[in-house]
*Asks:* 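One structure is given below, represented as structure tokens, and several questions about it will come after.
Residue numbering restarts at 1 for every chain, and letters A, B, ... go by the order of the sequence lines.
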There are 2 protein chains.
Amino acid sequence: MVQIPKTPAPGAPAPRSVPTSADVARLAGVSRATVSYVLNNTSAVRISEPTRRRVHEAAKELGYVPHAAARSLRAGHSRLVLMPAPTIPVGRLYGQFINELQWALSRLDYTVVQHGSVGLHGDEAARAWAELRPVAVLVPGAGLGPKGVAVLKRSGARAVVTLGPETVDGAHALLMDHEVVGHRAGRHLYERGRRRIGVVVPEETGLEAFSQPRLAGVRAALRGTDATVTDLPLAYTEEAGARLAARWRELGLDAVFAYNDEYAMLLTRALLDQGIGVPGETAVIGADDLMLGRLLRPRLSTVRLELPSGRDLAELVDRAVRNPAAAPETHKVLEATVVHRESS
Amino acid sequence: MVQIPKTPAPGAPAPRSVPTSADVARLAGVSRATVSYVLNNTSAVRISEPTRRRVHEAAKELGYVPHAAARSLRAGHSRLVLMPAPTIPVGRLYGQFINELQWALSRLDYTVVQHGSVGLHGDEAARAWAELRPVAVLVPGAGLGPKGVAVLKRSGARAVVTLGPETVDGAHALLMDHEVVGHRAGRHLYERGRRRIGVVVPEETGLEAFSQPRLAGVRAALRGTDATVTDLPLAYTEEAGARLAARWRELGLDAVFAYNDEYAMLLTRALLDQGIGVPGETAVIGADDLMLGRLLRPRLSTVRLELPSGRDLAELVDRAVRNPAAAPETHKVLEATVVHRESS
């Protein structure tokens, strides 16, 4: 039970006490155990419909809300699934995935919370998450190591699932390797006859986990061919776009994979303003298949990403929680396809 | 302490037990109370530096992580600040605000979690949040009513802060009324000599809380003038944009506030494709001051929003937690200014 502290601020009225399951039991005329069975929907114990109704009515009248932490202390584990909250803006696609995942997990009676871990990294973040004693932890991106996984498991997490480029010892892995995105883009530009290929690498912090594998993917796609790959650091400002476009002809590039559609729009504008023809002189391809890219003239070519289904991931979590000793599963889940429009 | 249940899955190895503060006390050769004082940084009790070090080393060796829920059960309240996780994609501006807020709260020793409340609304959501026994709850948008606030307070929340268009009984309010955004846009278009003004109302679910006050703001700005206001429902697809542009001349509008920059880019493209001059025949203004709007030709006029500082909000939360009996504070925090470019 959470008690409001006994020393209220000066001048504060005496706080009302928080209703407990004992209060509910008293009002309903049943035992505390019965209250617990009814409100936690325990199927192992048969309780008559009238008793069930009496408990629910008493809980409603008193405004009683079960306490997740106390319940998990009793049960030995929580139903809390923890994810770090994203620290960079998430697009529509990823947002939909997260919504679907949360919805599917809540249908399985889990509570999903996103932990605001700004400024915490790797195993340090894992310790902060462990304090909430989640039953499962989902970690997008890189950064969590085997030590962090061990801290979480020692603190009672029955499943740790990473969504990133690599597997981590002790954790289930949904492999989301962004190399495939760069690979598709590089291959496409090569097939369109381009040989001197630039790759935009955003200077914004937090994007390295995506930009580096995308760059590596372009390199991998063109290895052993006669094409060259040039990385192009770029900030997300008009001025930076203009500066890059101003030295474009020096660079001698005939194509660019611009990291994503937003950077592609920025760079296309700057190239057109410099009188550089797209796709005539330089082919441009982005990624993410944003609606806005279709509005560009020339219409923007892009790499469309396909994320795993939130429902499948929810089922993996539930399976892992039920059988924490099972060997970690690994699934490749990121797919990518080129959407060829006019800019490449 | 969280215990791994005693009946592991068939074939599972015997689970290692979770280290407790008693284990730390034993290894360090001190009392459990001393462990608690040291690890919770209690300033009320003086503990020698060597003892402090011994406790930290023992905790590290055992991989002991304090249990937030157990600690809050002892302390009588948690340090958990809860927010509902956003269910629509958040832009860069709002994302930065949330990051800054989380950072500032963690500096004040709070843990911020975003609760995945997909599918839960109003007071029903409040009950789900209450189960985690947060010490403070921050609720963006509308939907939480006085009943929900009461449920949260009865469950031990010392502060409930809404960030929305209206105050709610019992809660502190940061008034973020999007009417001001529409008001600025409507006034601007009127001052540019426009009189037949359309307002885009997105058909996407989840945006009503923003689109309706923006529409009302345009109406308020033009009340008592000779201008007319026409609401224009619009889906976020190329086809919907083209359909609206095809009947543009029937509508007889000479200006449009397009809800935000993304819808403004969609509609501008469709209008230009129909041969309708922007701004000659129709002035267009968006909102959010996206970088991409500057890349349009004509460059997109926009309404720039200014959110409160995350640090100020963190301080309000801390003040409210320390003095839960203080009268609710109300602050107007949303500012908006027109950035006039070429499209209006």
*Asks:* Given the options A:Gln96, A:Arg294, A:Met83, which has more heavy-atom pairs under 4.5 Å with chain B than any of the others?
*Replies:*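 Among the listed options, the one with the most contacts to chain B is A:Arg294.
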*Asks:* Evaluate the side-chain proximity of B:Tyr236 to A:Leu292: yes if any heavy-atom separation is below 4.5 Å, no if none is.
*Replies:*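 A:Leu292 reaches B:Tyr236 side chain to side chain.
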*Asks:* Between A:Val81, A:Thr237, A:Val151, A:Asp273, which shows the greatest number of heavy-atom pairs under 4.5 Å with chain B?
*Replies:*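 Top option by heavy-atom pairs under 4.5 Å: A:Asp273.
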*Asks:* Should we count CD of A:Glu342 as having more than 12 external heavy atoms under 6.0 Å?
*Replies:*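 Count over threshold, so yes.
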*Asks:* Checking B:Ala130 against chain A: side chain, backbone, both or neither under 4.5 Å from a heavy atom?
*Replies:*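 Its backbone and side chain both get close to chain A.
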*Asks:* Enter the distance from B:Leu132:CG to A:Leu132:CG here, rounded to the nearest 0.5 Å.
*Replies:*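 CG of A:Leu132 is found 8.5 Å from CG of B:Leu132.
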*Asks:* Just wondering, are more than 12 heavy atoms of other shown residues or ligands nearer than 6.0 Å to CZ in A:Arg311?
*Replies:*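 No, because the 6.0 Å sphere around CZ of A:Arg311 holds 12 heavy atoms or fewer from other groups.
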*Asks:* My understanding is that only residues two or more places apart in sequence, or in another chain, count here; which of them pass side-chain contact (heavy atoms from CB on, under 4.5 Å) with A:Glu124?
*Replies:*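 Scan of A:Glu124 (side-chain contact (heavy atoms from CB on, under 4.5 Å), adjacent residues dropped) gives A:Leu120.
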*Asks:* Look at A:Glu131 together with B:Arg79 and state whether they make a salt bridge at an N to O cut-off of under 4.0 Å.
*Replies:*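 No, A:Glu131 and B:Arg79 are not salt-bridged.
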*Asks:* Is B:Leu62 in contact with chain A via its backbone, its side chain, both, or neither, using a 4.5 Å heavy-atom distance?
*Replies:*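 Backbone only.
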*Asks:* Quick one: what part of B:Thr111 sits under 4.5 Å from any heavy atom of chain A, side chain, backbone, both or neither?
*Replies:*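 Contact with chain A involves the side chain of B:Thr111 alone.
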*Asks:* Please examine the side chains of B:Val113 and A:Gln114, heavy atoms only from C-beta on, and report whether any two atoms are closer than 4.5 Å.
*Replies:*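 The answer is no, as the side chains (C-beta and beyond) never meet within the 4.5 Å cut-off.
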*Asks:* Could you please state which residues from residues 97-108 of chain A sit under 4.5 angstrom from chain B, measuring non-hydrogen atom to non-hydrogen atom, sorted by number, or 'none'?
*Replies:*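 The list, in residue order, reads A:Asn99, A:Gln102, A:Trp103.
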*Asks:* Which atoms of B:Tyr94 are under 4.5 Å from chain A, going by heavy atoms: the side chain, the backbone, both sets, or neither?
*Replies:*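 Neither; nothing under 4.5 Å.
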*Asks:* What option among A:Leu295, A:Leu272, A:Leu80, A:Leu82 has the most heavy-atom pairs under 4.5 Å with chain B?
*Replies:*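 Option with the greatest count: A:Leu295.
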*Asks:* I need the residue from A:His115, A:Glu262, A:Arg127, A:Glu238 with the largest number of non-hydrogen atom pairs under 4.5 Å to chain B.
*Replies:*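 Counting heavy-atom pairs under 4.5 Å, the top option is A:Glu238.
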